[in-house]
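Keep in mind that this is a model prediction, so the values were computed, not measured.
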Amino acid sequence: MNNAISIQNLQKKVNGVDLYSNLSLEAEKGGITAIFGPNGCGKSTLLNVLSGLAKQDGGEYHLSNLQRFHFSYIFQNYRESLLPWRTNFDNISFPLQIRGKDKAFIQKKIDTLMSLFKTDFDLQRHPFELSGGQQQVVAFLRSLANEPTFLFMDEPFSALDYENSLRMRESIQTYYMEHKPTILFVSHDIEEAVHLADQIVVLSKRPTTVAEIIKNPLPYPRTLVTLNSEEFHQIKNRVLIAFQKAAKL
């Protein structure tokens, strides 16, 4: 297996109390891994540690062949990550502007993303003029503008209603099949996790460790037919049982 992310015996304390207890896991290059677990078990913190935004207190982690501009992070507090003085177009294009890409390149890239994700809101308006769901889409498109090899997502569909969540999941699969980034995302929704991930990591309560890793061999793209299949429901049930044990419900 060619692992893009490797975590060995990770330790982290919060206010002097253990959050992680020798947490270890691996994510394959070009795969999609969902992080699922009880409230407060450190799912978002794990993304922050791996992205360098927070420090661990022990253990090691490694992101293979990570290069500048090839990492993107969709934050849970996506509203705060958008720059309110910039238009939606300039928010999405910001990573490309930093790299010095010309206007024609930027326009073509944004047109492609807008078409892929079937978005039609006004790019010349500002984020505060959009709904919460549209703001989340802007954050999503910005994260993909650089065609990252690593994509971290913290509850990326939380502001979307069910219909638009399904549409976004369809679009991200299309993008994934073409570009094959390594995706690590936090989800509080079992259906969402099983819909997108080929590996679902169920975490325990604190002090957090990996309770179970469930493989999902269903082929992409996973459609509405997939969501209604017996195989999908079997995997979803396995995740639910693992979560019940991990959360001690």
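Counted within 6.0 Å of CD on Q244, heavy atoms from surrounding residues, nucleotides or ligands total more than 12; the atom is thus considered enclosed. With a 6.0 Å radius and a threshold of 12 heavy atoms from other residues, nucleotides or ligands, K180 has its NZ atom above the threshold. Summarising the local packing, CZ of R86 is surrounded by more than 12 heavy atoms from other residues, nucleotides or ligands at distances under 6.0 Å. Within 6.0 Å of the CG atom in N39, the count of heavy atoms belonging to other residues, nucleotides or ligands does not exceed 12.
Under the 4.5 Å side-chain heavy-atom criterion for Ile, Leu, Val, Met, Phe, Trp and Tyr, I241 and I35 are members of distinct hydrophobic clusters. Hydrophobic clustering (ILVMFWY, side-chain heavy atoms < 4.5 Å, transitive): L47 and V49 are in one cluster. Note: the hydrophobic cluster containing L83 does not contain L123 (ILVMFWY, side chain heavy atoms under 4.5 Å, direct or indirect links). Tracing side-chain contacts under 4.5 Å through hydrophobic residues (I, L, V, M, F, W, Y), one reaches I235 starting from I190; they form part of the same cluster. A single hydrophobic cluster is seen to contain both L116 and L144, as judged by linkage of ILVMFWY side chains at heavy-atom distances under 4.5 Å, directly or through other members.
Residues passing the ring-ring contact (aromatic ring centres under 6.0 Å, His included) test with F89: none are found, sequence neighbours excluded.
When all heavy atoms of Y220 and D198 are compared, the closest pair comes out as OH-N, 3.4 Å. Closest approach of Q56 and E60 over heavy atoms only: NE2-CA, 4.5 Å. For the pair I98 and F69, the tightest heavy-atom approach, listed with the atom from each and the gap, is CG2-CE2, 3.8 Å. For V186 against P156, the heavy-atom pair with the smallest separation is O-CD, 3.8 Å. The two residues A197 and F185 come nearest to each other via the heavy atoms CB-CE2, 4.1 Å. The two atoms that bring G31 and Y176 nearest to each other are CA-OH, 3.7 Å, heavy atoms only.
I183 CD1 to I32 CD1: the interatomic distance, rounded to the nearest 0.5 Å, is 4.0 Å. Taken to the nearest 0.5 Å, the OG1 atom of T112 stands 11.5 Å off from the CG atom of L141. Annotation: the span from I172 atom CD1 to M168 atom CE amounts to 7.0 Å, rounded to 0.5 Å. With values rounded to the nearest 0.5 angstrom, K103 atom NZ is found 9.5 Å from Q97 atom CD. Rounding to the nearest 0.5 Å places OG of S24 at 8.0 Å from CG of L10. Here R238 contributes atom CZ and L240 contributes atom CG; the two are 12.5 Å apart, rounded to the nearest 0.5 Å.
Judged by distance alone, the side chain of D189 and the main-chain N or O of E192 form a donor-acceptor pair under 3.5 Å. Under a 3.5 Å cut-off, the side chain of R206 and the backbone N or O of G40 do form a donor-acceptor pair. Judged by distance alone, with hydrogens and angles left aside, the side-chain atoms of S115 form no donor-acceptor pair with the main-chain N or O of D111 at under 3.5 Å. Looking at N15, its side chain never comes within 3.5 Å of a backbone N or O of V17 through a donor-acceptor pair. Under the 3.5 Å distance criterion, the side-chain polar atoms of H195 are matched with a main-chain donor or acceptor of R222. A donor-acceptor distance shorter than 3.5 angstrom exists from the side chain of N216 to the backbone of V194, with no hydrogens or angles considered. Put simply, the side chain of D18 never gets that close to the backbone of P207: no donor and acceptor are under 3.5 Å apart. The main-chain N or O of L196 is never found under 3.5 Å from a side-chain atom of Q173 such that the two would form a donor-acceptor pair. A distance-only check finds no donor-acceptor pair linking the side chain of Q76 to the backbone of D154 [under 3.5 Å]. Remark: side-chain polar atoms of S204 are paired, donor with acceptor, to backbone N or O of T209 under 3.5 angstrom.
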Between E26 and S6, does a side-chain contact (heavy atoms from CB on, under 4.5 Å) hold up when you go through it step by step?
-> CA-CA 5 Å; E26 294 177 336; S6 180; 3.8 Å; yes
Step-by-step side-chain contact (heavy atoms from CB on, under 4.5 Å) determination, Q11 to N22 = CA-CA 6 Å; Q11 299 174 43; N22 295 320; 3.2 Å; yes
Quick one: do Y162 and E191 satisfy side-chain contact (heavy atoms from CB on, under 4.5 Å)? Show the steps, please.
-> CA-CA 11 Å; Y162 188 64; E191 179 192 278; 2.8 Å; yes
Criterion side-chain contact (heavy atoms from CB on, under 4.5 Å) on F150 and K29, from CA distance to verdict = CA-CA 9 Å; F150 286 90; K29 180 180 179 181; over 6 Å; no
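V137 has its side chain out of reach of L130: every pair of non-hydrogen atoms, C-beta onward, lies at least 4.5 Å apart. Under the 4.5 Å side-chain criterion, counting only non-hydrogen atoms from C-beta, E80 is not in contact with F75. Taking the side chain as every heavy atom from C-beta outward, T182 and T149 never approach each other to under 4.5 Å. Annotation: side chain of L166 is in contact with side chain of R169 (closest heavy-atom distance under 4.5 Å). Looking at heavy atoms from C-beta onward, Y20 lies in side-chain contact with T208 at the 4.5 angstrom threshold. Residues D122 and N88 form no side-chain contact, since every pair of their non-hydrogen atoms from C-beta on lies 4.5 Å or further apart. With contacts defined as side-chain heavy-atom distances shorter than 4.5 Å, the pair Q136/S158 qualifies. The closest side-chain heavy-atom distance from L203 to L23 is below 4.5 Å.
The existence of a salt bridge linking K43 and E155 is excluded, since no basic side-chain nitrogen approaches an acidic carboxylate oxygen closer than 4.0 Å.
Aromatic ring pairs are classed by plane angle as parallel below 30°, tilted from 30° to 60° and perpendicular above 60°; the pair Y73 and F152 is perpendicular. The aromatic rings of F140 and F117 sit tilted, their planes meeting at an angle between 30° and 60°.
Each of S72, S93, S81 was scored for a side-chain hydrogen bond (donor to acceptor under 3.5 Å, both in side chains) with R142, with one residue passing: S81.
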